[in-house]
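Heads up, the thing below is written out as structure tokens.
Note that the coordinates shown come from a computational prediction; the quantities given were computed from them, not determined experimentally.
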Amino acid sequence: MSFYRDLRVAFYSLLRTQGLAIAVILTLALGIGANAAIFTLVRGVLLKPLVNRDENRLIYIRQSATGTGDANAAFSVPEIQDLRASIKTMSALGEFSTLDFTMIGLGEPRVVQSGVISGNYFEVMGLHPVLGRLIGPQDDWSQSCRRRRSHVSFLLGNHS
């Protein structure tokens, strides 16, 4: 019974000091709203995995170079072409590779991690932009060099 009496006393004391009551209610509302917004952002960006089309059918092919001790060696362009020609059980093959390079010219040189992808990478992954367009097969090095002089497309990641 004392809990209900304490609650009633607190309610009546807040009625007598309306400025304090408004400050308490606004503080609680802002705190709850900010907490919900931050949790929604964290859940959407960090906790919720990316949704790829047919995610359970995606496979990752890699090779190792035991002579150099590299457990995840990059495929060469001829190897990728051989894979495309010889593997008949896959509906599509999208390539990606990581690449580090040094960026100079804006203060101290920085090592930048980047990724190189094939033109159909996003299509294979089942990812579509909300606005604009993604890199497509027409942007691949071999097709774009025939039409115009251009460079391979890089997706820049974080730098160290």
Side-chain angles (χ1 to χ4, degrees), residues 21-160:
I22 291 172
V24 166
I25 291 171
L26 285 177
T27 302
L28 283 172
L30 286 173
I32 291 170
N35 191 13
I38 290 172
F39 177 74
T40 302
L41 182 69
V42 167
R43 191 187 91 211
V45 173
L46 299 176
L47 301 177
K48 193 174 175 184
L50 290 176
V51 179
N52 299 324
R53 181 186 66 224
D54 298 330
E55 190 171 290
N56 58 340
R57 297 182 62 208
L58 291 175
I59 60 171
Y60 175 67
I61 302 173
R62 70 180 200 171
Q63 67 178 345
S64 60
T66 54
T68 63
D70 192 359
N72 193 11
F75 288 96
S76 67
V77 174
E79 288 173 324
I80 292 172
Q81 291 171 342
D82 288 344
L83 281 172
R84 281 188 186 278
S86 63
I87 298 178
K88 304 295 183 202
T89 57
M90 288 193 288
S91 58
L93 184 65
E95 307 94 43
F96 75 92
S97 181
T98 58
L99 176 70
D100 291 347
F101 64 91
T102 304
M103 184 169 55
I104 58 172
L106 299 173
E108 292 293 317
R110 293 183 176 186
V111 175
V112 178
Q113 292 180 332
S114 66
V116 181
I117 61 170
S118 63
N120 65 338
Y121 178 79
F122 292 112
E123 181 182 324
V124 169
M125 297 298 286
L127 301 173
H128 303 286
V130 176
L131 283 173
R133 74 171 189 91
L134 294 172
I135 295 172
Q138 71 276 8
D139 297 313
D140 272 342
W141 178 261
S142 59
Q143 283 84 13
S144 64
C145 282
R146 289 186 190 127
R147 290 192 314 259
R148 65 190 183 281
R149 293 187 182 267
S150 67
H151 300 284
V152 69
S153 299
F154 286 98
L155 294 178
L156 294 178
N158 58 0
H159 61 279
S160 54

Let me confirm one number: the OG1-CD1 distance from T27 to I22, rounded to the nearest 0.5 Å.
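CD1 of I22 is found 11.5 Å from OG1 of T27.
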Straight-line distance of L99 CG to Q113 CD, nearest 0.5 Å
10.0 Å
Nearest non-hydrogen partners of [X] and [Y], listed with the distance:
X: I80; Y: L93; value: O-CD2, 4.5 Å
X: I117; Y: F122; value: CD1-CE1, 3.3 Å
X: R133; Y: P129; value: CA-CG, 4.0 Å

With L28 as reference, evaluate V24, L30, I25 under the side chain to side chain contact (heavy atoms under 4.5 Å, CB included) test and give the passing residue.
V24
Can you confirm whether more than 12 heavy atoms, excluding those of L26, are under 6.0 Å from its CG atom?
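Yes - once you tally the heavy atoms of other residues, nucleotides and ligands closer than 6.0 Å, there are more than 12.
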Is a side-chain N or O of S118 found less than 3.5 angstrom from the main chain of G94, in a donor-acceptor match?
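Side chain of S118 to backbone of G94: no pair is present.
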What do the steps show when you test Y121 against L134 for side chain to side chain contact (heavy atoms under 4.5 Å, CB included), and what is the final call?
CA-CA 10 Å; Y121 178 79; L134 294 172; over 6 Å; no
Summary of side-chain hydrogen bond (donor to acceptor under 3.5 Å, both in side chains) pairs that have at least one residue in residues 78-93, sequence neighbours excluded
Q63-E79, S76-E79, R84-E95
